[in-house]
Amino acid sequence: MATVMAHHGPTQQALSLLVLLLFLQIHLTIAVPGDPSSAVAAFTSNHTLPLSVRCLPDQESALLRLKRSFTTTNYSVSAFRSWRSSTDCCRWAGVQCSSDSGGRVTSLDLGDHGLEAGGLDPVLFHLTSLEYLNLAYNYFNGSQLPSSGFSGPVPTGINKLTNLVSLDLSTSFDIIEVIGDGFLLHSDFPMDSIGLVEENFGNLVHNLRDLRELRLGSVDLSNIGSQWCHTIAMSCPKLQVLSLPWCELSGPICSSFSRLQSLAVIDLQLNDLSGLLLPDFLTNLSNLTVLQLRHNNLQGWISPAIFQHKKLVTIDLYYNLDISGYLPNFSNGSRLENLDVVEPISLKLGLAATGFPGDLPSSIGNLKSLSALEISGTGIVGPMPSWVANLTALTTLRFDNYGLFGPLPSFIGNLTHLKELVLCACGLSGEIPSHLSNLTQLQILLPYSNNFVGTIELNFFRKLPNLNVLDLSHNNLTLLDGEDNSTLTSLPRFWTLGLAGCRMSKFPNFLRHQDQINRLDLSDNELHGAIPQWVWENLNDLYALYIGNNKLTSVGYAPFLPLQLDILVLSNNIFEGAIPIPQGSAGVLDYSNNRFSSIPYNFSYHLRDVGLFDASRNNLSGNIPLSFCSGTRIQLLYLSNNNFSGLIPSCLMENVNGMQSLNLRENGIHGEFRDNIKEGCSFEALDFSGNWIEGKLPRSLVFCKNLEILDVANNRIMDTFPCWMSAHHRLAILVLKSNKFFGQVGQSPHEEGNACAFPSAIIIDLSSNNFSGPLPNGQWFRKLKSMIFRDLDTSSVMDHELPDTQEAYKYTTTITYKGHDTMFAQILTTLVFIDLSNNAFSDGIPEAIGELGLLHGLNISHNSLIGTIPSQFSHLGQLEALDLSSNQLSGMIPQELALLDFLTTLNLSNNKLVGSIPESNQFSIFSNSSFIGNDGLCGPPLSKECINRTLPNVVPHHSKRSTDIMLFLFAGLGFGVGNIITAPCFPADAPALLQLKNSFLDPNNHLTSWRAGTDCCRRWEAVSCDAASRRVRALDLGYRDLQSRRLHPSLFNLTALTSLTLASNNFMGATLPSAGLEQLTEMVYLNFSYTNFFGQIPAGIARLKNLVTLDFSSDVLSYNVVFLREPSFEAFVSNLNSLTVLNLDGVDISSGGEKWSIALAKSTPKLQMLFLSQCGLSGTIHHSFSRLHSLVDLELSGNGITGKVPEWLDLSDDDFEGKFPAEIFQLQNLTVLSLSGNPRLSGHLVNFPVENKLEMIFLEGTNFSDAVPVSIVNLKSLMYLALTTEGTSKQLSLLGKLPSLDDLTLYGSSGLQNPQFSWIGDLRHLTRLEIAFYNFSEPIPSWIGNLTNLTDLGLTACNFYGHVPSWIGNLTQLSYIDFSENRLTGDFDRYISP
């Protein structure tokens, strides 16, 4: 048995099954029950008569030879029982001869006999009188080829059978639909070679002029391109049945098809067809009875006439994403038996014109013979239509992603012929009704992703003996396992079982007896401890196991599991030890977010078919295993947030195996990039951020023509701006921040044309480098086409889809947005951002930036820019964040900036601006901090009043929509500004919002747009909706001066909310609600800061597992107090594993005792920002707190924390300014102090006590004085030292006396001449030396020759000249040299030991 997942296009290879990560929905057979095409098959019997003429000897001989070519099995014995020599072959089973054939065979039907052979004997083509040939659904095993019957191309001899009327070479497979746009194929034979390959389809059918029936299901016809349609129309004019599912067809349904007036059956499902869905001529095919076009890319308007076709029995348009139209009225006499339509058929677009606004026509209830009704994702809302009760012949009923609500109606129990009931993601509620037990023929039951409640007992399913596919996932159900063995053994044998989110704390006992199950989903439960051994020993048919998002600690087998699995998802548990590997080779292995510490040695055999290997966020260490290079199909390799060290394996960078995404973010990788990427590189996304990589970007990246994302942030790369990467026309994300890049950005004087153009770029982050000179010229910015025009045909999310599957894995990135380092869980193509801050750019700001109309964030702060702020910035209508602070800008603030309705973050501080600050509703939200440090500014919010002003500078305010939800929220939710206001409001959400409005006093009329009868998604301020479901997803009521004495419970009916902010409104001491918030299970961003609430933080928040940001900060001096007492702080955060921002400033969490730091380290590994000032904390900061590697902002002031300062202190690459406290250097337990990359941080080295433990000091990139105290010699343990120094201080020579110093880095600037560094020659034990940015103006000094232990030597941009000295060859340990940016001559490569 084999199963394959697919996405709009078949392949011949074994597919990796990744799409099983989605939930199963519906199962149907490619041969539709009741298919009228079976009438066409009756051609054979209609044209064959009892014979008086015996078959000819050559015919008998050919058939017997054909028989012998089959393997002898029980099936073949049965099939060929009558095939005996010297008997009349015209009377053999499956053989017929027509009355006028003269004893020649005219029909051969060996279809669906389970025959096996090593190949097809060409003797078949001696039967030249054949009119009917059926070899479908057998297993021809030659060259590993399966059920359709041939090895390699379709035998060309078939085109010699010119009398053929019916040809069937199909493969038998079933289709199982999955949520979304994919499907799963299931066959009893291996799927890695499921069909024929026909390279010359034209030759195959060219001579078949009499053909009436052509069935080639799963034959690979991809080589013919879009010519398949014209070829068939020209070659087979008498065709009545055309069945080409899963054939890799492409192109449109051509107009030549109109010639085929006899067509009765058209089955073209599961292909990649495009163009107009139903050309007009299709409605004129008077004999058409079956039209199956499911899973293609067809588009356009569907004529309602097709649904009223007099003979049409089946119409299947399921999942063509760009079709539209409406359903007409159906008469009582309609013959329609199967009706399948799906998102986005957009019924709402046409229904209003025909009198059916917002509803399916009730006349569907007249289709008494309808056996299948499938509706998905349409614009309909309400309870299940009552007319469904009339469809008593239904065997398949499917509503998914559909706006139903309320309980499941009782009439469902009367549809007793149902075999498939799919009601997923429809908003249904109430309990699972007992009347479902009446549906005794039910095989598939999929009610997942609804709001069903209550308990489900296993006894319920005993009444459904045929049930083999069940998915109850993601409701509010509790499964009662039971202990009665008779119950457990008498349950149906499930093939697929989904129990995700069913509140189970242990593995269900009944699974012990489910020996036929092959897909099991137990994710999102409360499973803990070890996986029971019987899971591995009893479930022998299991090929897909999902147990992510639990609390499991042990797999039970290591390192190799006893089962062969195609999909194994163990993510988000607490597994430790070695990563477990299934037998054989899996397709998907997800181990992310655990505590695995090792990978089995030499496991390359198990990677040969892996499409995804995700071991991110574990405790893996050591070198990256070379085994990853041998995974010949590995597409996505995620090893981020581990402790890997060493170099990037050369073989990974060579990209010889077609890898498309490599993520090594946040490890300890060092060294330089190997410049060995091969031509034809297939990388689409590369993330090396957060490592210790040095040197230059590899120029061989130019071979990666499909590269879309390059992130090398937070490394030590020293290079110029990579204009050469403009050859990557698809490059959308370029992040170079926090490195040592230098020089000018953009087109150099010697470059012409598009030499430095990035037309696809939407995120460019060059912050915190050493770039200098003017900003890129206006022409450079104008070439950023994707920041000016949006391509409506591009996906809204940047993701990667594994080949041969439908599963998309979303790319991530981290940028500084609105002043915070924010990790975007997915990158929207609507997120457009430029950050050039913290460099040394000079001159003015190009006006052309104002043409980047799609820009959301612009940061050019902390440079040396002069001139005025361009008034053209007022054209940046999507701008949300603008930071021009800490420059030397002058002139007035352009009044036009007040027209930027989406601007919620503005920082113009520390410039030389003058005049009055614009007055508008928009500018009124900005505080003093946006404007301080500009002595010439006046007017609100500054206290300085403007004089000699007769009229206020007031700018008219246009209608304003959203505010401070922050774009990172939308990125995490999967929708952006471009697609959140296009659909009407979900009916149940508008009344809830109106009730909430009525509970507020609104003195400033912020909620006047909230009016009954208007569209809350389009017109209501602060409301944002999801375009697909029309549910309210984001509600931003922050900073609106609303007043209320309670939080109205109607808020908790907005169950689709992912973002809620009530910040800085006045709830007048109201008690926080004890319940309700736990219903908002999709919440990601929750902000209750400074709301003047009182009481216990709602305990239900602890259940919101998706929370990324939680803010309950309050003013500790206020009368009202917010506290957290029950549950404890430890229990409260235990499930909040996704938190990146936690702000509880002023919240009393003293009841949590001294374990607060342990709790955070254990439960919130992704934490980036933590604010717990004045929270009543006590005890010490536990050493495990150092595990919070992502933490960049920490505030613990005003507490009772005691004990020692942690032995780690890393404050590097932040934006600290001012004077650094000298006392910190004297902390006796301090071992590491890293302040590098804070250019505005000043200070000096102090007297070091004799008893100190400092081992590492990193001060490069700061404004520290280079004065060295005599007590520096007390740093006996110091091994690493990095300074920015002029190099002229005589006291620097004291560093030569440090006995343990092993690694020394000294940075200056190009203007510092004649530094005195000869004392470095005394550090004979140095293994690494880096000196950069000095003006030596001399040959390389000879004292370097004394450092014979050096392995790494960098002398960059030091103005050394002359020939490379030969004594470099004495440094025999050298493995790395960087002499770039000097005036040296000669070949020094020969001096480096291999």
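The figures here come from the full heavy-atom set of this structure, side chains too, leaving out hydrogens, waters and symmetry mates.
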Find out whether [X] and [Y] are in side-chain contact, i.e. whether some heavy atom of one side chain is under 4.5 Å from a heavy atom of the other.
| X | Y | result |
| --- | --- | --- |
| Asn663 | Leu639 | no |
| Asn643 | Leu620 | no |
| Leu1275 | Leu1298 | yes |
| Glu1381 | Phe742 | yes |
| Ile1377 | Ile1368 | yes |
| Asp1378 | Asp1352 | no |
| Ile669 | Leu664 | yes |
| Glu1330 | Met718 | yes |

[X] versus [Y], closest heavy-atom pair with distance:
| X | Y | answer |
| --- | --- | --- |
| Asn715 | Gly690 | ND2-N, 3.9 Å |
| Ser861 | Asn863 | O-ND2, 3.0 Å |
| Asn1382 | Cys1358 | OD1-N, 3.1 Å |
| Ser650 | Asn676 | OG-ND2, 2.5 Å |
| Gln1316 | Trp1319 | O-NE1, 3.1 Å |
| Asn1137 | Ser1163 | ND2-O, 2.8 Å |

Mind checking the [atom1]-[atom2] spacing from [X] to [Y]? Nearest 0.5 Å is all I need.
| X | Y | atom1 | atom2 | result |
| --- | --- | --- | --- | --- |
| Ile1340 | Phe1360 | CD1 | CZ | 6.5 Å |
| Ile764 | Leu836 | CD1 | CG | 8.0 Å |
| Met1279 | Asp1303 | CE | CG | 10.0 Å |
| Asn623 | Leu647 | CG | CG | 7.5 Å |
| Thr1348 | Arg1324 | OG1 | CZ | 7.5 Å |
| Leu1350 | Leu1323 | CG | CG | 10.0 Å |

Whether [X] side chain and [Y] backbone form a donor-acceptor pair below 3.5 Å:
| X | Y | value |
| --- | --- | --- |
| Asn887 | Ile860 | yes |
| His1325 | Leu1301 | yes |
| Asp765 | Ser767 | yes |
| Asp1322 | Ile1320 | no |
| Asn739 | Phe741 | no |
| Asn1274 | Phe1248 | yes |
| Asn839 | Asn769 | yes |
| Asn594 | Asn618 | no |
| Asp711 | Leu686 | no |
| Asn619 | Ser621 | no |

Exercise. Using 4.0 Å as the upper bound for N to carboxylate O, is an ion pair formed by Asp719 and Arg699?
Worked result: yes
For this session: In plain terms, say whether Lys1276 and Glu1255 are close enough for a salt bridge, that is, a side-chain N and a carboxylate O under 4.0 Å apart.
Result: no
Problem set entry | Centroid separation Phe1317 to Tyr1334 less than 6.0 Å |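 Close enough - the centres of the two rings lie under 6.0 Å apart.
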Exercise. Below 6.0 angstrom between ring centroids: does that apply to Phe688 and Phe673?
Worked result: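 Centroid separation for Phe688 and Phe673: below 6.0 Å.
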Exercise. Among Asp687, Asn641, Asn642, which one satisfies side-chain hydrogen bond (donor to acceptor under 3.5 Å, both in side chains) with Arg665?
Worked result: Asp687
Seminar exercise, completed: Test side-chain hydrogen bond (donor to acceptor under 3.5 Å, both in side chains), reference Thr1327, set Thr1351, Asn1349, Asp1302, output is Asp1302
For this session: Show the numbers, then the answer: is there a side chain to side chain contact (heavy atoms under 4.5 Å, CB included) between Arg716 and Ile693?
Result: CA-CA 6 Å; Arg716 296 180 171 184; Ile693 301 172; over 6 Å; no
Exercise. Under the side-chain hydrogen bond (donor to acceptor under 3.5 Å, both in side chains) criterion, do Glu672 and Tyr1376 qualify, and how do the steps go?
Worked result: CA-CA 9 Å; Glu672 294 189 3; Tyr1376 168 84; 2.6 Å; yes
Problem set entry | Evaluation steps, side chain to side chain contact (heavy atoms under 4.5 Å, CB included), between Ile624 and Leu652 | CA-CA 10 Å; Ile624 296 173; Leu652 280 184; 4.2 Å; yes
Exercise. Could you go step by step and tell me if Val712 and Val735 meet the side chain to side chain contact (heavy atoms under 4.5 Å, CB included) rule?
Worked result: CA-CA 6 Å; Val712 295; Val735 181; over 6 Å; no
Exercise. Above 12 or not: heavy atoms from other molecules or residues under 6.0 Å from CZ of Arg1328?
Worked result: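 Yes, enclosed.
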Exercise. Got a sec: does the CH2 of Trp1343 have more than 12 other heavy atoms crowding it under 6.0 Å?
Worked result: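 For Trp1343, atom CH2 is crowded (more than 12 foreign heavy atoms under 6.0 Å).
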For this session: Could you give me the CA-CA distance, side-chain angles and deciding distance for Ser885 and Asn910, then say whether side-chain hydrogen bond (donor to acceptor under 3.5 Å, both in side chains) is met?
Result: CA-CA 6 Å; Ser885 62; Asn910 297 308; over 6 Å; no
Exercise. Checking side chain to side chain contact (heavy atoms under 4.5 Å, CB included) for the pair Ile599/Phe628: CA distance, chi angles, key distance, verdict?
Worked result: CA-CA 11 Å; Ile599 299 178; Phe628 287 119; 4.0 Å; yes
Exercise. Is it true that the side chains of Asn1359 and Ser1337 contain a donor and an acceptor less than 3.5 Å apart?
Worked result: yes
